[in-house]
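Beneath this line is the structure, given in structure tokens, with notes to follow.
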Amino acid sequence: MLVDSLPILMFVALAAFLFTGYPVAFILGGVGLGFAVLGDMLGVMNWARITVLPNRIFGSTMENPVLVAIPMFVYMGTMLEKSGVANDLLHALQVLTRRIPGGLALSVTLMGTIMAATTGIIGASVVMMTLMALPVMVARGYSHPLATGTIAASGTLGILIPPSIMLVIMSDLMSIPVGTVFIAAIVPGLLLAALYCVYIIVLTGLKPQLAPPMPDDIGPGDSGEYVAMLLGSFVPPIALIAVTLGSIFAGLATPTEASGIGALGATLLAVYKGRFNWRTVRDVSHASAMTTAMLFGIFVGATCFSLVFKTLGGDVLIENIIDSMGVGVWGVLFVLMAMVFFLGFFFDWIEITLIVLPVFGPIVAELDFGAHLAGFEGVSSNIGVVTLIWFTILLSTNLQTSFLTPPFGFALFYLKGVAPKEVTIQEIYRGIVPFVLLQLFGLGLCVAFPSLVLGLPNYLLGK
């Protein structure tokens, strides 16, 4: 009984230790090693099995050329933030949307969408937009729940809209082309951004007191200044995104190569703005190194956890549980989505991704959705790969909620940590509820209409 329950006990131990606040990388590795010792004592795992761990870490994770894109994309987004390019972009968007109901909230949503296409660092995006936009929104008399909900939801788009760090990691774990996953994520990411914009426009149109308009005297005084603002603050970051992603979609560069282009382009923008100095280079390099080290540390711990879990028969146990449920392929999909949504209340995306995907990826690849996923041969001739790409985007969309759902919604803590004192955590919680519902609605659309996910890669890659 104890031997058969070891994989389940691993998850229980993992959950218990995560609540201690100890670094995730050490918890994953420590739980893995602890249960390896326990498995050896009970005679269900040979300790010699653990000796393959260094080969897995250095032979697959550390030498994986796809993962080289992570520090480059982190550097790209951090440079745009530290050099002030992002701040100039937000000001330009505020001017462009000032006559639309909820214009300031719309500018934040558009800012989050654009910054999502530069990096997938959620903490940095939420903190940056909170510092830049929330004091202005509060000063203009914006509803605190609307302002905080908009900032938190827009800041989390970075894990879905490419080039997303999470998509790079997921593609590697699922052994599917990261470029194809990037293309598949564009429409769902823009769909969520569009849903946010529609909600803001409708809400502020019905209740204009929630979002007072900006004064007309804010912004350029004449058409010449207006054009100069667009050319200096709006066009450069948009052009950088177009070059970075366009090189991937056109087949001119791999995601890893494109990440280098993006990092160089962000540096050149800092030079163009006259903000490239030693302090900027030091701060950007330090932030990029810290983020990258944290991610790769978690990779090491997750590799150990996954190896021990599978050796103890965890993957077989999960398959048997799913088979015994007898819910069919759609039931399996909905159970997995519900489980990920529930885990999002307590865990960050990186833990969920590195634990769930290695276990459930092979199961999902074998699911047959029949005609629902038919007609997407341009994506891949292998229906299993098509299913995995669709599932990856569904999972990514679902994981948007993990940043916003209490009690451990990390975007909420990032926001509260730098928000003005008059903004309460209760107002933040009230503000995110509509956006979580919109995220779930967007997820439902992607499930019901797979062409939202697979249509664009099928068209671009099937030519």
Side-chain angles (χ1 to χ4, degrees), residues 4-5 7-12 14-15 159-160 166-167 170-171 173-176 181 184-185 187-188 191-192 306 309-310 312-347 349 351-377 379-380 382-402 404-405 436-455 458:
D4 293 338
S5 303
I8 303 299
L9 292 176
M10 280 192 73
F11 274 108
V12 174
L14 175 65
I159 66 167
L160 180 58
M166 185 178 72
L167 295 180
M170 284 184 167
S171 301
L173 290 173
M174 303 285 263
S175 299
I176 52 180
V181 174
V187 174
L191 172 64
L192 287 185
S306 177
F309 181 78
K310 289 186 176 181
L312 294 176
D315 51 346
V316 177
L317 177 63
I318 296 295
E319 290 180 12
N320 292 337
I321 292 175
I322 292 177
D323 289 339
S324 65
M325 295 172 64
V327 292
V329 293
W330 286 105
V332 171
L333 179 65
F334 290 138
V335 167
L336 292 180
M337 289 295 112
M339 183 184 69
V340 169
F341 178 72
F342 174 76
L343 290 174
F345 281 80
F346 307 99
F347 303 129
W349 68 268
E351 296 108 59
I352 298 174
T353 299
L354 293 175
I355 295 171
V356 170
L357 283 186
V359 176
F360 292 107
I363 298 174
V364 173
E366 298 299 322
L367 298 180
D368 183 9
F369 291 92
H372 194 68
L373 296 183
F376 298 108
E377 291 80 9
V379 178
S380 175
N382 186 336
I383 188 61
V385 173
V386 174
T387 303
L388 285 176
I389 292 173
W390 180 55
F391 175 76
T392 299
I393 301 303
L394 295 182
L395 188 64
S396 303
T397 307
N398 195 347
L399 284 172
Q400 292 273 309
T401 63
S402 70
L404 303 182
T405 46
V436 171
L437 295 177
L438 288 173
Q439 290 170 346
L440 294 177
F441 178 67
L443 173 61
L445 290 177
C446 291
V447 172
F449 305 101
S451 57
L452 290 172
V453 176
L454 302 171
N458 187 63

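- Taking 4.5 Å as the limit, every side-chain heavy atom of Ile159 sits out of range of all side-chain heavy atoms of Ser396.
- To the nearest 0.5 Å, atom CG of residue Leu333 and atom CZ of residue Phe369 are 4.5 Å apart.
- With sequence neighbours left out, Ile363 forms a side chain to side chain contact (heavy atoms under 4.5 Å, CB included) with Ile318, Glu319, Ile322, Phe360.
- Here the CG-CD distance, from Leu438 to Gln400, works out to 11.5 Å after rounding to the nearest 0.5 Å.
- Distance check, rounded to the nearest 0.5 Å: CG of Leu343 to OG of Ser402 gives 10.0 Å.
- Distance check: Leu336 CG to Phe341 CZ gives 15.5 Å after rounding to the nearest 0.5 Å.
- The nearest pair of heavy atoms linking Gly442 to Leu192 is CA-CD2, 4.1 Å.
- Interatomic distance, CG of Leu394 versus CD1 of Ile389, reported as 12.0 Å (0.5 Å rounding).
- Between Val379 and Val385 the shortest side-chain heavy-atom distance does not fall below 4.5 Å.
- Nearest approach of Leu452 to Cys446, heavy atoms of both residues: CD1-N, 4.2 Å.
- Note that the CG atom of Leu167 and the CD1 atom of Ile393 stand 5.5 Å from one another [nearest 0.5 Å].
- Between Phe342 and Phe345, the two ring planes are tilted [angle within 30° to 60°].
- Partners of Phe441 under the side chain to side chain contact (heavy atoms under 4.5 Å, CB included) rule, at least two apart in sequence or in another chain, are Leu195, Leu445.
- The shortest distance between side-chain heavy atoms of Met337 and Leu395 falls below 4.5 Å.
- Using modelled atom types, no side-chain atom of Trp390 and backbone atom of Ala184 make a donor-acceptor pair closer than 3.5 Å.
- Residues Leu357 and Pro362 come closest through the heavy atom pair O-CD, 4.2 Å.
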As a quick check of understanding, evaluate side chain to side chain contact (heavy atoms under 4.5 Å, CB included) for Leu399 and Met170, giving each step before the final call.
CA-CA 12 Å; Leu399 284 172; Met170 284 184 167; 3.6 Å; yes
